[in-house]
Peer 1: 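Below: one structure in structure tokens.
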Amino acid sequence: MSVDDLARFTVDYREADPLALLGEPGTLALIDFGADAAPGKPDPRCLRVPLNAVTRAPHEHWRVDAPIDSGLNGALRWTAGGGWMFVALDVDEAIHGGIEAAAEHAYRTLCGFVGTRAERHFLRLWNYLHAINEGDGDAERYRRFCIGRAHVLTEHCIDRYPAASAIGHRGPPGLLQVFALCAATPGAALENPRQVSAWRYPRDYGPTPPSFARAMRLPNDSLAISGTAAIVGHASRHERDLAAQIDETFANLDALLDAAMLPAFDVHSPLKVYLRRAEDAPVVEAALARYLDPAVPRLLLAGDICRRELLVEIDGWSQTSR
């Protein structure tokens with residue numbers, strides 16, 4: 001499929017009734033947050049992420065201008081249409097013997113399924129795991145997750161890494177949740193000139209560096225932005241200084257937009273802001289008001305960042321083709 005054959009794909013935050021959103025033509029995915037966010041009707045397009053919203057919690061609505069097909073493949077749920085696909089999988093670590101093996105299972109399942117599809121190109125991945133910072137040194141759960149993920153990506157000869165986020169949730173212990181946006185046409189990975197590529201991190205950060213790009217230019221020229229925090233080069237900056245970390249994070253986001261030759265975030269740029277401490281919300285909201293146009297959609301979520309010293313992380317979209 002050529003780029004011109006892809007249907008229009010958009011992401012929005014919506015506060016409509018979830019069943020009404022599911023009834024809209026072209027709904028590819030409906031993502032909700034918190035313990036009570038899941039719509040009551042089972043549907044492969046629905047996903048509940050176990051992160052509590054710090055403020056309001058609109059629905060994240062993925063839509064394509066095309067008919068939708070959906071189904072289940074074992075525990076994996078999928079929906080596809082117009083050359084785009086949403087896939088999601090929840091894994092119980094206890095069944096697999098820990099986070100490293102659970103990550104291997106999740107990625108082997110996802111890669112095995114996606115590899116059979118026309119929409120075989122991973123563009124953007126989200127990883128939510130319990131107690132991401134638990135464990136010392138190489139025993140830290142995030143480092144073990146990175147090892148398990150990398151094993152499978154190597155098996156499948158995936159060396160053009162997609163954009164990604166990895167956040168610690170405080171929901172059910174042992175739950176690993178992975179979901180992805182895929183397409184029939186590949187995107188183009190984008191790195192940040194202020195940062196060392198994550199997959200080139202030195203040994204200080206674990207036996208296997210994280211396997212993701214800083215952003216991915218989608219086939220429709222929109223940008224999917226990975227989790228971005230106060231990291232310059234490969235080192236964390238401003239340990240435990242929230243205000244300075246926010247400033248550094250926005251310096252990194254601005255650098256990504258500049259590298260992609262995109263304008264500032266606008267109404268078509270929904271962002272997720274992950275807070276290690278929910279009580280920091282007033283300070284973060286004040287900073288967002290300084291850096292962002294009021295029309296920029298933003299969702300504040302309580303979650304742990306992959307480095308213990310970091311207090312805030314931001315990911316999201318810059319959508320140019322609507």
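Worth knowing before you read on, the calculation uses all heavy atoms, side chains too, and leaves out hydrogens, waters and symmetry mates. Residue numbers count from 1 along this sequence.
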Peer 1: Side chain of Q245, backbone of H238: donor and acceptor closer than 3.5 Å?
Peer 2: yes
Peer 1: Please check this pair: side chain of D280 against backbone of L275, looking for a donor-acceptor N/O pair closer than 3.5 Å.
Peer 2: no
Peer 1: Give a yes or no on whether the backbone of L311 and the side-chain of R277 come within a donor-acceptor separation of less than 3.5 Å.
Peer 2: no
Peer 1: Less than 4.5 Å apart, any side-chain heavy atom of P297 and any of D12?
Peer 2: no
Peer 1: I want to check something: taking the side chain as every heavy atom from C-beta on, are W84 and N220 in contact at a cut-off of under 4.5 Å?
Peer 2: yes
Peer 1: Please tell me if the side chains of P58 and L299 come closer than 4.5 Å, counting only heavy atoms from C-beta onward.
Peer 2: yes
Peer 1: Decide whether I246 and L256 are clustered together by the hydrophobic rule: side chain heavy atoms of Ile, Leu, Val, Met, Phe, Trp, Tyr closer than 4.5 Å, transitively.
Peer 2: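 Yes; tracing contacts between hydrophobic side chains, which count when under 4.5 Å, links both residues.
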Peer 1: Can you tell me which residue among K272, R298, R45 is in a salt bridge (charged side-chain N to carboxylate O under 4.0 Å, His left out) with E60?
Peer 2: K272
Peer 1: Please tabulate, for the side chains in residues 64-74, all donor-acceptor contacts under 3.5 angstrom to protein atoms that are two or more places apart in sequence or on a different chain.
Peer 2:
unit_1 : atom_1 : unit_2 : atom_2 : d
D65    : OD1    : R63    : NH1    : 2.4
D65    : OD2    : R8     : NE     : 2.9

Peer 1: Any donor and acceptor pair, going by atom type alone, linking the side chain of E100 with main-chain N or O of I147 inside 3.5 Å?
Peer 2: no
Peer 1: I need the single residue from L218, D5, L6 that forms a side-chain contact (heavy atoms from CB on, under 4.5 Å) with T185. Which is it?
Peer 2: L6
Peer 1: Any heavy-atom pair between the side chains of L301 and H169 that's under 4.5 Å?
Peer 2: no
Peer 1: Report yes or no: does D293 contribute a side-chain atom to a donor-acceptor pair with the main-chain N or O of F265 at less than 3.5 Å?
Peer 2: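 No: the side chain of D293 does not pair with the backbone of F265.
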Peer 1: Please determine whether a side-chain nitrogen of the Lys or Arg among E24 and R14 lies less than 4.0 Å from a carboxylate oxygen of the Asp or Glu.
Peer 2: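 Salt bridge: yes.
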Peer 1: Can you check whether D315 reaches Y274 side chain to side chain, under 4.5 Å on heavy atoms?
Peer 2: yes
Peer 1: Parallel, tilted or perpendicular for W126 and W62, by the 30°/60° rule?
Peer 2: tilted
Peer 1: Ignoring hydrogens and geometry, is there a side-chain-to-backbone donor-acceptor pair from T228 to T249 under 3.5 Å?
Peer 2: no
Peer 1: Atom CZ of R203 and atom CG of D138: how far apart are they, to the nearest 0.5 Å?
Peer 2: 4.0 Å
Peer 1: Would you say the side chains of R276 and N133 form a donor-acceptor pair under 3.5 Å?
Peer 2: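 Side chains of R276 and N133: pair found under 3.5 Å.
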Peer 1: Run the numbers on R149 and S211 for side chain to side chain donor-acceptor pair (under 3.5 Å), then give the verdict.
Peer 2: CA-CA 8 Å; R149 171 175 60 181; S211 305; 4.5 Å; no
Peer 1: Using modelled atom types only, decide if a donor and an acceptor are shared between the side chain of E104 and the backbone of H151 within a distance under 3.5 Å.
Peer 2: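 Pair absent, no side-chain N/O of E104 close to backbone of H151.
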Peer 1: Under the 3.5 angstrom rule, does the side chain of S226 hit a backbone N or O of A213 as a donor-acceptor pair?
Peer 2: yes
Peer 1: Mind checking whether R308 and Y142 have side chains closer than 4.5 Å, heavy atoms only?
Peer 2: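 No - every pair of side-chain heavy atoms lies 4.5 Å or more apart.
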Peer 1: Got S222 and W317 here, is their nearest side-chain heavy-atom distance under 4.5 Å?
Peer 2: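 The answer is no; the side chains never approach within 4.5 Å.
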Peer 1: Counting only N and O atoms by type, is there a donor-acceptor contact under 3.5 Å from the side chain of Q177 to the main-chain atoms of R48?
Peer 2: yes
Peer 1: Could you go step by step and tell me if R194 and E248 meet the salt bridge (charged side-chain N to carboxylate O under 4.0 Å, His left out) rule?
Peer 2: CA-CA 10 Å; R194 301 183 81 237; E248 202 72 75; 2.6 Å; yes
Peer 1: May I ask you to say whether D304 pairs ionically with R141, meaning some side-chain N is under 4.0 Å from a carboxylate O?
Peer 2: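 Result for this pair is no, no salt bridge flagged.
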Peer 1: Could you tell me whether the side chain of Y205 and the main chain of H234 form a donor-acceptor pair under 3.5 Å?
Peer 2: yes
Peer 1: Would you say the side chain of L242 lies within less than 4.5 Å of the side chain of V284, judging by non-hydrogen atoms?
Peer 2: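 Side-chain contact under 4.5 Å: yes.
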